[in-house]
Amino acid sequence: QVQLVESGGGLVQAGGSLRLSCVASGNIFFIGDMAWYRQAPGKQRDLVATINSRGTATYTDSKKGRFNISRDDAKNTVYLQMNRLKAEDAAVYYCSVFARVSEVGGLAKYWGKGTLVTVSS
C-alpha cells in the first residue's frame, strides 16, 4: 500500500504564499501522475494541478500563473507553491498519486487526508 501525507497548510493573508508538500511512502515500485485537488466547504473536490512522471505540469485555468506544481522523485514528494492567494483559494488541499506497488501490478490511485489552507482578507 501507499500512504500520502500532506503538510504546509495554514493561515495566510490574502496576497500571501504557501508551499504544500506531499510525501508518498510504503511499498512503492513506481509513481506516475501526481496531483493536487482542493475542496471548499459545501463544494465538490476539484483538480488544481497535475504533474506527470516526465515532469510536465498542467493547471486548471484559474491557477495558471499563481500556482506551481513540482515533484522530487528521489523523495517521492510533490509540491504545490501557491502565490498571490485569494479568499476563494481557501480549502482542504489533497494530494493524489497513481502508483504501482510491484513490477507486474497495475497503477492504482491513492489519496492523502488533506491539509487545510485558510486565507484571511
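The figures that follow rest on heavy atoms only: side chains count, while hydrogens, waters and symmetry mates do not.
- Atom OG in Ser96 sits 7.0 Å away from atom CG in Leu4 (nearest 0.5 Å).
- Rounding to the nearest 0.5 angstrom, the gap separating the CZ atom in Arg19 from the OG atom in Ser7 is 9.5 Å.
- One distance of note links CG of Leu116 with CD of Glu6; it measures 11.5 Å at 0.5 Å rounding.
- Using a distance-only test at 3.5 Å, with no hydrogens or angles considered, a donor-acceptor pair links the side chain of Asn52 to the main chain of Gly55.
- The environment of Glu88 atom CD is dense: over 12 non-hydrogen atoms of other residues, nucleotides or ligands sit within 6.0 angstrom.
- A donor-acceptor contact shorter than 3.5 Å is absent between the side chain of Arg100 and the backbone of Phe29.
- Here OH of Tyr37 is found 13.0 Å from CG of Leu80. Values are rounded to the nearest 0.5 Å.
- From Ile51, atom CD1 reaches atom CG of Asn68 across 8.0 Å, with rounding to the nearest 0.5 Å.
- For the pair Val117/Leu20, a side-chain contact is recorded, criterion being any heavy-atom separation below 4.5 Å from C-beta on.
- Atom OG1 of Thr60 is separated from atom CZ of Arg38 by 7.0 Å, given to the nearest 0.5 angstrom.
- The backbone N or O of Asp72 sits nowhere less than 3.5 Å from a side-chain atom of Tyr79 that would complete a donor-acceptor pair.
- Among residues at least two apart or in separate chains, there is no salt bridge (charged side-chain N to carboxylate O under 4.0 Å, His left out) pair with a member in residues 43-55.
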